[in-house]
Amino acid sequence: MSDVRAIGIDAGSTTTKAVGVDAEGRARWHLLEETDPRLRLQIERIITIAREVAGSPAPVVATGHGRRLAAADRSVTEITCHCKGVYTQTGHGGTLIDIGGQDSKVIVVGHTGKVANFAMNDKCAAGTGRFLEVAARRLKLDIDAFSDAALHAERDRDISSTCTVFAESEIVSLIAEGLPVGEIIAGLHRSLVRRVGALVRSTGLEKPVMLSGGVAQNAAVRRFLGEELDVEVVVPEHPQLMGAYGAALIALESLSVR
Ligand code: ADP
């Protein structure tokens, strides 16, 4: 039997993550898969694996886009779960920005760890990981090489299209005009952080700024976001797992109230 006492599942639009925590709330196990269109079956399978790891019918809390499809004990919003996960890990409040595959959120976390305010963009792929993924694919680069190219560019080319689809054709035209690819890529990163910056300004910025979600692993996004907001950006360990970790912590709390 492992030390896993409670399980959190974050069924995101792009990836599905699970985290198992021990009785002290430390992450002991995790799993990350691309989200399957047959999400209900995928979540059932992951819950079975997680409970096998736990060696018991450990409580499960589900979050994320597909949370209601899960045969979990409870479903909780991503806002609450990311807030819980990041606050527990960092031990302080501030402005938490979660940039996922198809949405981005800004959560103002109070000094006791509660959500004080939030704003969400889930209507448009610009300002999310999908925007960069589409552009990287168009340029036949993997996401790490794509981020590196932005970091090493001498300047960035302004990308005027705010829509992912139009930005894709703008890239093609700019390359045809002979502009350096690195400058275009830097411009695409700049465009993403500008959109996220506007979302941050809609909630008000409380320092420090923290970044979670898969896109937090993109070094160019981290640097450009810091420049856009004129702050240092704090990234928790395993930023992509913060929603699932927060869900697991909430599942753990349910054990003490039983
Ligand atoms: P969701 O919860 O919405 O499914 P995630 O938080 O799992 O999304 O983030 C998925 C996004 O993170 C994708 O757009 C993907 O390209 C991006 N991503 C994942 N790993 C990396 C990485 N190492 N560098 C840059 N981007 C990454």
Side-chain angles (χ1 to χ4, degrees), residues 8-19 30-39 42-43 46 61-70 75-86 89 96-107 118 120-152 164 167-168 185-186 188-193 195-196 199 210-226 233 235-248:
I9 295 195
D10 178 1
S13 55
T14 308
T15 66
T16 294
K17 288 78 62 178
V19 169
H30 79 268
L31 172 154
L32 186 151
E33 295 180 355
E34 243 176 67
T35 296
D36 193 304
R38 288 151 300 184
L39 183 55
Q42 183 179 25
I43 299 173
I46 292 175
V61 165
T63 188
H65 165 85
R67 65 183 180 275
R68 290 199 183 83
L69 294 174
S75 78
V76 176
T77 69
E78 294 136 274
I79 306 228
T80 302
C81 290
H82 273 265
C83 176
K84 179 98 185 161
V86 173
Q89 207 188 90
L96 170 61
I97 304 171
D98 165 36
I99 313 180
Q102 284 181 47
D103 62 23
S104 42
K105 307 172 200 74
V106 175
I107 306 160
F118 71 90
M120 184 151 175
N121 158 36
D122 59 356
K123 301 279 180 289
C124 169
T128 75
R130 177 56 58 90
F131 179 75
L132 297 180
E133 274 175 53
V134 167
R137 209 175 303 134
R138 194 80 184 90
L139 293 166
K140 300 190 169 50
L141 289 173
D142 70 40
I143 206 77
D144 285 334
F146 193 66
S147 161
D148 265 8
L151 286 173
H152 291 107
T164 307
E168 203 178 346
I185 296 174
L188 288 159
H189 282 78
R190 198 70 73 184
S191 162
L192 177 134
V193 303
R195 292 193 67 106
V196 174
L199 204 60
M210 303 166 280
L211 188 59
S212 66
V215 178
Q217 295 168 124
N218 181 322
V221 170
R222 295 198 297 267
R223 194 177 90 192
F224 289 12
L225 191 61
V233 175
V235 180
E237 222 185 312
H238 309 300
Q240 197 167 11
L241 299 177
M242 285 301 102
Y245 176 52

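All ligand and atom numbering here is 1-based and tracks the order in the structure. We number each residue from 1, following the sequence as shown.
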Considering heavy atoms of the protein only, find what lies nearest to atom 23 (N) of ligand 1 and give residue, atom and distance to 0.1 Å.
Q217 CB, 3.6 Å

What do you reckon, does T14 have a nitrogen or oxygen under 3.5 Å from a nitrogen or oxygen of ligand 1?
yes

Options E133, H82, Q102, Q240, ranked by nearest heavy atom to atom 14 (O) of ligand 1, top entry
E133

Close side-chain approach of R130 and S13, heavy atoms under 4.5 Å:
no

Close approach of K17 to ligand 1, heavy atoms, under 4.0 angstrom
yes

Quick one: does S147 get within less than 4.0 Å of ligand 1, heavy atoms only?
no

Atom of S191, atom of F131 and distance for their closest heavy-atom approach:
OG-CZ, 3.8 Å

Heavy-atom check, side chain of D10 versus side chain of C81, under 4.5 Å:
no

Quick one: which ligand 1 atoms are inside 4.0 Å of a heavy atom on G129?
14 (O)

Partners meeting salt bridge (Lys or Arg N to Asp or Glu O under 4.0 Å) with D144 (sequence neighbours left out):
none

Provide the number and element of each atom of ligand 1 under 4.0 Å from a heavy atom of G213.
6 (O)

Which of the atoms in ligand 1, numbered in the order shown and given with their element, are less than 4.0 Å from a heavy-atom of T15?
4 (O), 5 (P), 7 (O)

Is it the case that the side chains of S104 and T128 hold a donor-acceptor pair, with the cut-off being a distance below 3.5 Å and no angle test?
no

Who pairs with K105 by salt bridge (Lys or Arg N to Asp or Glu O under 4.0 Å), at least two apart in sequence or on another chain?
E78, D98, D103

Any idea which part of V215 is under 4.0 Å from ligand 1, heavy-atom wise: side chain, backbone, both or neither?
both

Contact atoms of ligand 1, heavy-atom distance to G12 under 4.0 Å:
1 (P), 2 (O), 4 (O)

Atom 18 (N) of ligand 1 [closest protein heavy-atom partner, distance rounded to 0.1 Å]:
G214 O, 3.5 Å

Note the single closest protein heavy atom to atom 8 (O) of ligand 1, along with its residue, its atom name and the distance in Å.
G101 N, 3.0 Å

Establish, from distance only, whether the side-chain atoms of Q217 and Q240 form a donor-acceptor pair under 3.5 Å.
yes

Would you say I97 and L211 make side-chain contact, with heavy atoms under 4.5 Å?
yes

